[in-house]
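Contents: one structure, followed by commentary.
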2 protein chains.
Amino acid sequence: MNTRETPGPGPRVTMIDIARHAGVSKSTVSLVLQASPLVKAETREKVVASIEQLGYVYNRGAANLRSARSNIVGMVINDLANPFFAELAVGMEHVFHTAGYIPFIANTTENPKRQAEVLRSMSEHDIAGLIICPARGTKPADIESLAGLSVPIVLAMRRLAGRKFSSVTPDNLRGARRATEHLIALGHKRIAFFGGYSDMIAQNDRCGGFQAALIAAGLPIEPDLIIEGPPNRECGLNAVGRVLDRAEPATAALCFNDVVAFGALSGLERRGLTAGRDFALVGFDDVSEARHTNPPLTTVHVDTAALGERAAHQVLRMIHGDTRPEEFVSDVDLVVRASCGAEGGRRQ
Amino acid sequence: MNTRETPGPGPRVTMIDIARHAGVSKSTVSLVLQASPLVKAETREKVVASIEQLGYVYNRGAANLRSARSNIVGMVINDLANPFFAELAVGMEHVFHTAGYIPFIANTTENPKRQAEVLRSMSEHDIAGLIICPARGTKPADIESLAGLSVPIVLAMRRLAGRKFSSVTPDNLRGARRATEHLIALGHKRIAFFGGYSDMIAQNDRCGGFQAALIAAGLPIEPDLIIEGPPNRECGLNAVGRVLDRAEPATAALCFNDVVAFGALSGLERRGLTAGRDFALVGFDDVSEARHTNPPLTTVHVDTAALGERAAHQVLRMIHGDTRPEEFVSDVDLVVRASCGAEGGRRQ
DNA sequence: TCTCGAATTTGGAACGTTCCAATTCATAGA
DNA sequence: TCTATGAATTGGAACGTTCCAAATTCGAGA
């Protein structure tokens, strides 16, 4: 009687088994699974009952073979341990989910080889669309191959020189410029930039905004105050030492992102210094932890969730046939907290 | 001459096309793709060249149809926005990656319906194994169905009553007990517990450890000092008010996890209070942000990456045929920082 | 040159679905 | 009762791979 919960790895239950069990043809079962209005309600119920009873699982591989229309979208993230990207991913997921797509996330940990494997695996699995935050060193060609397969692709956070891809990015240049202007207004003359590599476009933009502000204020650009490094805690931690142990120590720094700033916070602490009093520190991203650091971090606010949602909407638009690339740049905002030494927490 | 970079969505390139192009049979192409030692080097090269030239992508769906052996493993996470789970995921990924598996992550945001969809999608795609941090309210049966399919499953962080699944968890009970003992030793008598729901096993364990310590010290258990709620910032923020606005306010709290503690930190701040001076606060997990909060958070240290790695190794073991379930409980450690009011940062 | 075994290669039958054209079934109107 | 029409259902041919048994090629010894 109770055939359910068939245990063990017995041979896979197929549509044909269902058909036999329900006394219909495999075609009918297929129609039921596609919620076709063609089947009579009564028949549908019989079939559904059999499916339930035999514990059938749909084989999407086989289905895609005949008619490729997948409902999974890929999200390839370069650093999931960075809360910023986690927040970004959550924004994307929300949109995909309500649109009926299942997002699968893969983490590349900033490793192009791993990224290549992940992309390969995703394309082998016939994804409907892709959002990617490219790992450092990604070349347009690495992604091109997927695009050639006519998979809709949107770049998030990092654009790629060359071919026109759709992308969403915060206004890195403007954000960095504003942050730097703020530090200058507070009287700082030797301001450092921590983190990122000059071969990353995002770093170029942020560091570019930084330099633009210095130039506009008539301050010199001192190359050894620009400390390159991976965008992680470690980097910020080390950078502090570099700019403090020189003849003319820096008095402030703009960080490539909040995570670097967190590292810098540790670096200062380790030397017995306090951000905001002994050194002005500004981050970028405004991840949710930023307001809880010690001291709270002044940073460039990015509307992360909205950015993720925008990227997801772009992919959906492309999936639905509108393939024009769109480069979206979202506005940003400086949030002044204690780490830069400006008292008060007003938001400008 | 240059057939590469074939643009446009033209019909899919298949093994048969490669075979024709290279002047061999499809079987040979198949052998090449499986890196079989049977094919002559020379032939292999011809085939590889054709693959390269025509821009072929392997169709894993079709392959799985004939012989199911997938190289993707699923990781189903209940809250990716919680840095703890992000760190956990990173640990798992590392192991899978070096073992040649591609991990795909899905986020359920603690929503059982979404979890069901994700699990369904993953099983439809023929995963080789699965690690899941079950969403609140998950019933063994929800996962059972997958297990019936003989997919190796490991539960992470949250066990499930009933059937014997493999699992990895930190020693929640002991950790919570130690943390509570520490607060008691500092002289606190009215200690609250923030966050989690009593229908979550992890909460039972942590809250159980908390209560055990109270009882051992001869302190009463006051039900309205146990504030249930989702394990997020919001919850911690609100909980502070609840335990402070009563006739006999609590003077300390153990939080279900660090994220709840971060919220509690905000809650205190909002009332002009400082953790460590006006109220003792302890978290659980020791996410990497915990040392940077204001003040730094005393918390129960969990070796997150190791836990993730352990889970991944268990899945691999099961994939390789050893299906005995194993329940692994990892040791934990109290890390004393400033938020609990014990001066100094010694680690006990 | 012939023979034999080992080394390579190959055609065709699966695998579990979807799609199409065609069939069967019911119902209403004549 | 018969027919026409629309509603439901159905068989078989794909889809792109792997596996198997069988076929072919190669090289060395007789």
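Below, chains carry the letters A, B, ... as their sequence lines are ordered, and counting in each starts from 1.
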(request) Specify the separation, in whole Å, of atom CG of B:N64 and atom C1' of C:dG16. (result) 12 Å
(request) Please check if any side-chain donor atom of B:E327 sits under 3.5 Å from a side-chain acceptor atom of B:S166, or the reverse. (result) no
(request) For the residue pair B:S30 and B:S27, confirm or rule out a side-chain donor-acceptor distance under 3.5 Å. (result) no
(request) Identify whether the distance between the nearest side-chain nitrogen and carboxylate oxygen of B:K46 and B:E42 falls below 4.0 Å. (result) no
(request) Specify the separation, in whole Å, of atom CG of A:L54 and atom C1' of C:dG16. (result) 15 Å
(message) Is it the case that C:dT18 (base atoms only) and A:R66 (side chain only) share a donor and an acceptor within less than 3.5 Å, ignoring hydrogens and angles?
(response) yes
(request) Starting at atom CD1 of B:I16, determine the distance to atom P of C:dA13, rounded to an integer number of angstrom. (result) 14 Å
(request) Classify the ring geometry between B:F104 and A:F104 as parallel (under 30°), tilted (30 to 60°) or perpendicular (over 60°). (result) tilted
(request) Provide, to the nearest angstrom, the distance between the CE atom belonging to A:M15 and the C1' atom belonging to C:dT18. (result) 8 Å
(message) For C:dC15 and B:S67 - does any side-chain N or O of the residue sit under 4.0 Å from the phosphate oxygens OP1/OP2?
(response) no
(request) Nearest whole angstrom, please: distance from the P of D:dT18 to the CD of A:E124. (result) 11 Å
(message) Just N and O in the side chain of A:S30: are any of them under 4.0 Å from OP1 or OP2 of C:dT18?
(response) yes
(request) Please tell me if the side chains of B:I105 and A:L80 come closer than 4.5 Å, counting only heavy atoms from C-beta onward. (result) yes
(request) Please determine if a side-chain N or O atom of B:Q34 lies less than 4.0 Å away from the OP1 or OP2 oxygen of D:dT17. (result) no
(request) Taking the side chain as every heavy atom from C-beta outward, state whether A:R60 and B:N64 have any atom pair closer than 4.5 Å. (result) no
(message) Each nucleotide in nucleotides 5-10 of chain C should get exactly one letter: B, S or -. Can you fill that in based on protein heavy atoms under 4.0 Å?
(response) ---SSB
(request) Report the distance from atom CG of A:L33 to atom P of C:dT18, rounded to the nearest whole Å. (result) 7 Å
(message) Please pick, from C:dG16, D:dG16, D:dT18, the nucleotide with the shortest atom-to-atom distance to any side-chain atom of B:A62.
(response) D:dG16
(request) Quickly work out the A:R44 CZ to D:dA7 P distance and round it to whole Å. (result) 15 Å
(message) If you define the side chain from C-beta out and look only at heavy atoms, does anything of B:L119 sit under 4.5 Å from B:I132?
(response) yes
(message) Just the rounded figure in Å: distance from P of C:dG16 to CG of A:L65.
(response) 12 Å
